[in-house]
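Since the structure comes first, as structure tokens, the remarks are kept for the end.
Protein chains get the first letters and strands the later ones, always in sequence-line order, with residue 1 at the start of each.
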Amino acid sequence: MPVITFFNTLGRSMEEFKPLVPGKVGFYGCGPTVYNYAHIGNLRTYVFEDILVRSLRRFGLDVTHVMNITDVGHLSGDDDSGEDKMLRSAKERGQSVLQIASYYTDAFFADTERLGIARPDVVCKATEHVQDMIRLIRRIEAGGYTYSAGGNLYFDVSKFPRYGELANLRLEELKAGARIEVDENKKNPQDFVLWFTKSKFENQALIWDSPWGRGYPGWHVECSAMSMKYLGESFDIHAGGVDHIPVHHTNEIAQSEAATGKPWVRYWLHAEFLVMDKGKMSKSKGNFITLQNLLDGGFEALDYRYFCLGGHYRSQLSFSDDAMAQARASRKAMLEKFLDLRTHAGTAEVPNRSRLHAGVLARLERFDKLLAEDLAVPRALAELWGLLKDPSLPPADVVAAALDMDTVLGIGLAGARREEKSLSDEERSKIQALVDRRTEAKKAKNWAEADALRQELKDLGIVLEDGPRGTVWKQLKA
RNA sequence: GGCGCCGUACCCAAGUGGUAAGGGAGAGGUCUGCAAAACCUUUAUGCAUCGGUUCAAUUCCGAUCGGCGCCUCCA
């Protein structure tokens, strides 16, 4: 197992990764708020987390991956037009907020599944853990970190000296209210609500009884409560998008450590944004794209995954139709190359790792080393290309190693097929008959007829390739 | 106002104090009746600009220009 290093947002430096319990990793990844479809920017982060989990497992670590589903707290407050439409149509169908949440949760996992993202070991819904949150809030309250105002229970950041450490925040320099009105109940602008009994939204749909009155939990508390429930009061890795650093994760740390008095998370990993021409993808700017949009545009889900692998997780990645098409072309070429090698490998026995050709093994080792260096996935991908393109390596060994690498990358080598859709035997024999007729015409040097038959097949969606071993046909990509 | 990131060929994108990965696209070639595929070759004396440090900078420092993110729910 190589030495694993990660760039820890807490401290902003590369650190060797050493799990709290040797051989085991507790990992919490911030999940979706399920009131709308995930867009491809969101999904980039989940691809990153998937690569993280798969890499750790590759290195022999026993990972427990926990992900929350935020299905409370933000369902009635956002007035994005697209969402309103969804809510309205849901209302027309007589559905509850929970049904909406359920719908988008299913949609989310349908997307991640198509992207080959492994399902977390624990998926926990906020609405099913309100009692855990209440218990956690009571501990925070017992420590004297809270105050009540205007019907809400607030966390008092002035009681937590290390507040803002993760984000390098210095409270006195923040310009509170620069972009949003300050809640007049707060002693400090950074204070945040642990429990609402007075919603700023009219129609909060879900409410619970609590020691502070009937209401609902603040957003940040769910991650603290659920992560501790499943991973313990201290655990190894917490990941999410960079946007969470200054507020969400900062607040999570404050309340978690206020409750337990212990260090909470040891390594913080944050994924940068996918950006479009005009900046990040966001609903309010009306420039967000879903995975389904890409599928409708003729891309495969794994083309998008491949696209994500082209950039390092800590760098912004520029999305465009052109860049996406490039990723598709690149992945297609890679699958073709792989299929060629698999054909050449024929029935040769696939060697296990210990018996691989030295040159292949060397590449595999470099691949592992790159992953271990803060997930240098773009370079790991280049290593896979180098492996596939090196003519000096035995095909069977290359195929074995490529499949091995793909257990982390997830580009879909194992499932690669030449044919796009299944054809009936009847269709096959028809095509073969035409191909045979053309072969006869070619033998007779009757080029006109041969070309006519080529065109006829092309109209059927079949392209021909004359090679040294005769003519092979393929389906034209739809 | 504060915090932070980025600017690498036509495009996406790695990377390092010692002379620019990979992919896409383009060009030329081999092969081919045609075509495709494949393969080979090729495309930044250059890494926004200007200074500085250094034997040596794309890589460190400073300034400038440009772009982006966060400080509000947001991956």
Any residue meeting side-chain hydrogen bond (donor to acceptor under 3.5 Å, both in side chains) with [X], in chain and number order, not counting sequence neighbours:
X	answer
A:S330	A:Y306
A:D340	A:R418
A:T112	none

Could I get the full list of side-chain contact (heavy atoms from CB on, under 4.5 Å) partners for [X], not counting sequence neighbours?
X	value
A:A254	A:F155, A:F160, A:Y163
A:D436	A:Q432
A:D322	A:S320, A:Q326
A:N293	A:I289, A:T290

Would you classify [X] as touching base, sugar-phosphate or nothing, given that sugar-phosphate means primed atoms plus P, OP1 and OP2, and contacts are heavy atoms under 4.0 Å?
X	result
A:S330	sugar-phosphate
A:Y46	sugar-phosphate
A:H244	sugar-phosphate
A:G41	base

Distance alone, cut at 3.5 Å: any donor-acceptor contact between the side chains of A:Y28 and A:N68?
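Looking only at side-chain atoms, A:N68 and A:Y28 do form a donor-acceptor pair, the distance falling under 3.5 Å.
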
Would you kindly give the CZ-to-P distance between A:R314 and B:rA14, to the nearest whole Å?
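My rounded result for the distance is 11 Å.
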
So, under a plain 3.5 Å distance rule, would you say the side chain of A:Q316 forms a donor-acceptor pair with the base of B:rC5?
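Result: no qualifying N/O pair found.
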
Once Watson-Crick and G-U wobble pairs under 3.5 Å are found, how is RNA chain B written in dot-bracket notation, 5' to 3', with | for any base paired to another strand?
(((((((..(((.....[...)))((((((.......))))))....(((((..]....))))))))))))....

Please compare A:H220 and A:A329 by the position of their nearest nucleotide in RNA chain B and report the one closer to 5'.
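That would be A:A329.
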
Hey, which sits more toward the 5' end of RNA chain B by its nearest nucleotide, A:H312 or A:P246?
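Closest to the 5' end, via its nearest nucleotide, is A:H312.
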
Nearest-Å distance once atom P is located in both B:rA37 and B:rA75
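That atom pair is separated by 41 Å.
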
What interatomic distance, in whole Å, is found between C1' of B:rG28 and the corresponding atom of B:rC65?
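Result for the C1' pair: 39 Å, nearest Å.
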
Would you call A:K332-A:D303 a salt bridge at under 4.0 Å N-O?
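Between A:D303 and A:K332 there is no salt bridge, as every charged N stays at least 4.0 Å from the carboxylate O atoms.
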
Between A:K369 and A:E373, does at least one N-O distance fall below 4.0 Å, as a salt bridge requires?
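Looking at A:E373 together with A:K369, the answer is yes, because their closest N to O distance falls below 4.0 Å.
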
ring-ring contact (aromatic ring centres under 6.0 Å, His included) contacts touching residues 108-127 of chain A (sequence neighbours left out):
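The answer is A:Y46-A:F108.
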
Give the ring-plane orientation class for A:F196 versus A:Y216, where under 30° counts as parallel, over 60° as perpendicular and anything between as tilted.
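Aromatic pair A:F196/A:Y216 classed parallel.
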
Atom pairs under 3.5 Å, N or O on each side, protein against nucleotides 6-8 of chain B: can you list them with distances?
none

Specify the residues of residues 367-387 of chain A, ordered by number, for which at least one heavy atom lies under 4.0 angstrom from an atom of RNA chain B.
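The stretch gives A:P378, A:R379, A:A382, A:W385 as the residues lying under 4.0 Å from the strand, ordered by number.
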
Please report whether the ring centroid of A:Y37 lies less than 6.0 Å from that of A:Y104.
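When the ring centroids of A:Y104 and A:Y37 are compared, they turn out to be within the sub-6.0 Å range.
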
Contact letters for nucleotides 27-41 of chain B, in which S counts primed atoms plus P, OP1 and OP2 and B counts the base, heavy atoms under 4.0 Å
------BBBBS-S--

